[in-house]
Amino acid sequence: MAEFDIKNIGLKVGLEIHQQLDTKKKLFCDCTPLEEDEFSRKFSRRLRAAKSELGKIDPAALFESTKSKTIIYYANPKSSCLVEEDEEPPHALDTDAKNLAFLISSALESKIFSEIHVMRKTVIDGSNTTGFQRTMLVAQGGHIEIDGKKVGVQSICLEEDAGKLIKDEENHRFFSLDRLGVPLVEIALDPVEGDPKFVKDIALTLGRLLRVTKKVMRGIGSIRQDVNISIEGGGIIEVKGVQQLDQLEKIIEFEAKRQHGLKLIANKINQTKFTEINKKGDIFDITEIMKECNSKIIKKSIENQDKIFGIRIKKLKGIFGFEPYSDIRLGKEIGQLVRFFGIGGVFHSDELPNYGIEEDDIKRVTKKLNIEDDDAFLIIAGEKISVSFAIDSIINRIKLAQNGPPAETRAATQNGDTIFLRPRPGASRMYPETDIPTIKVSDKELAEARSNIPKSWEKSIRELEEKYQINNQLAEQIFDSEYFEIFEQICSKKQNSPNFVVSILCSTITNLKRSGLDSSLLNDEQIMKTFELLEQKKINKESIQIIFEQIMSKKANNVIHALENASITQLTEDELDKILDNIIQNNTDKIEQEQMRALSGLMGLAMKEVRGKASGKIINQKLKEKIQGYLN
Ligand SMILES: [Zn+2]
C-alpha cells in the first residue's frame, strides 16, 4: 500500500455552517420554534421531481426523477400553522432574525447589502411543503481570524430550516413541520489549504463567535456543517450533515485519503489500454446461465424474476480490487453507487470466486462475455428498470474514474466516513419570492448592528471565570455546551456552587451519554426541577445522577416519576443508623482485620443500599464514628 501524505495532495476544504437562531418566532410566521414529538395533524402531498431541476446527463439524477413518492407531513398547532402547510402566504420577515443576521455579519466584518431580496431555492426532497426554501443573501465578504490567520467569508444568508425527516420508505417519506421555517444563518467560508485540525479550529471559532451573541440555538443538530473537499486535479466533493467537530476532522482525513486513493486508481487505469464500455457490445443478459448459481443475492433475484447482467470491461483486470489505501477500492465505490438505485448486489471479477459465485459460474460468464486474460467483468442483479439505470451509471462512473475522484454529494457517517448520496447537482435554481417585498436596510439598522457586536469569546470566558469563580477549563466547557443558559439560571439563585452545577451539567450528563443513554430525553424543565428539589433538601447531590439516569434511559418521563422509580426518599436519621449498624455487625471480622481501613469497603456496601437516600458525606461520617465506636 502507498504511503499517504495529507500535506502533499493539494487538499482544499471549504466550510459552510448552518446555525439555527434562537428567536421567539419562525422566519415568516408567528409560530414558536419548538421541538416536538407529538403531532395531532397529518396530511400528505404527492411529490415528483421535475427533470429540468436535476442534472440532465447523469443517470442517477434521471433515475431520481422517475421515483415518485408520497410525502406525509406531521404537524402540531403549537409549532406550525397554515404558512408551514403552504395554505397561507408567508408573513413579514421576523425582525429579530433579521437583526441577528446583521449582528453576525457585522461581527464578521461582512458587508451588508442595502436591499435584501427573498429568493426561492428549489428543494426536491419534500422537506419543504412548498417545494422550495426561502433564502436571502444578507452580506458578502469579511473574515474570521483563527490563531492570527484570516479566513475569508464568502457570503452570509438568512434562510428557513427544512422539515425534519422522520423516516424514508420506498414509496413514502415522512417529515415533521416543527423545524420547518426556523431561522437559520448560513455562513460560507473561502476554501482553505487543507489541514484537518485547522478546519476544525475554524468551525470551533465560528461556532463560538455565534454563541457569544447568546441568541443562537445550542446542542446537537442546532449547528450543521457542510464541507466541500477536493484534492488537486479532482472534482469537489460536498459532504453533508456533519454535526460534531471531532467528526469533522475525521471526515476530512477520510475524504483526503479516499480522493487520493481514487487518483492513484486513475493513474493505474491510465496505464492500461482501457478505452470505454460499449453499451451495445459489452452488456450481456446472463439471467439464463446464472440459474444454477448458489449466491443468495442471485438466487433471490431469480426468484423475483429480476434480470442479471454481465458487464465486460476490457483491459481493466485487477483495477476493481486494487487497494491503494486500506478499504479504498473502485469496487467499493461501484457498490455504493448501485445502492442508490436500490440494488443490493454487484460483484466484480477481482473478488470472485466468492459470495456463493463459484468457479463454474465464472467459467460460464467468461465464456458468454468472451472475457480475455486482461479483461474484468461485473455481475449485477435487480429489477429491470433499476438495473438499466444502474448500468448507465456504472458506465459513466468507470469513465470518470480515469480522472480521479468525481464531483458528488456524500453523507457524513457517525464514525467519520462518508458514503455516496447523489451526484452533485448543478447550481440550484433560484427565483424571486413574489409574496414578500424587497427589504430595505436602513443606516440606523446597520449602526445598531455594529454597536451591538458582542464581546469576544475569550473575554466572555474570562468574565464567566470571574463571575462564578470557576476555572478556565470549566468556563470553556459550560460556555460551549448546550446547557449554558440553564447553568446561568440555576446559578442565579446562588444556592448551589457553580463548580458543582458545571460538573453535573457537563461531566455527569456526558458520562451517562457515553454509557449509551439519550440526553435529548432530559429537558431544561426537568433539570431545573431536579436542582429545585436539591435546594429544598428533598433530595441530595447523589440523587441527581439517579434521576437523570432514569429519565435518559426512558425508565421515567419526569422527575417525580424518576424519584418514585428509584425510591429516592430521604431516610430519617434513625433509619440510616439502623442500616449502618447492620452493616457494621455483618462485617466485624473485616473491621478487626483492617481497622480504620475497612471504612472504604463498608462505604461501598452502604452506598449500594442507600444510594440517593442519604447524603454521601453524612454516611461517611457516621460510618467512621461507628467503626471507631466498635474498635473502642
Ligand atoms: Zn407558522
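FYI, the numbering just counts along the sequence from 1. Both counts, for ligands and for their atoms, begin at 1 and track the order of listing.
No side-chain N or O of R211 forms a donor-acceptor pair with one of Q19 less than 3.5 Å apart.
K42 forms no cation-pi arrangement with Y74, by the criterion of a distance under 6.0 Å to the ring centre and an angle within 45° of the ring axis.
In plain terms, the two heavy atoms of D435 and P437 that are nearest each other are O-CD, 4.0 Å. Heavy-atom minimum distance, R218 versus S481: NH1-O, 2.8 Å.
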Is there a ring-ring contact (aromatic ring centres under 6.0 Å, His included) between Y73 and F39? Walk through the geometry before answering.
CA-CA 9 Å; Y73 295 103; F39 303 101; over 10 Å; no
Which pairs would a plain distance check flag for residues 87-94, meaning a side-chain donor or acceptor within less than 3.5 Å of a matching protein atom at least two apart in sequence or in another chain?
unit_1, atom_1, unit_2, atom_2, d
E87, OE2, R45, NH2, 3.4
E88, OE2, H91, NE2, 2.8
D94, OD2, A97, N, 3.1

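Counting only protein N, O or S atoms closer than 2.8 Å to the Zn ion (ligand 1) gives 5.
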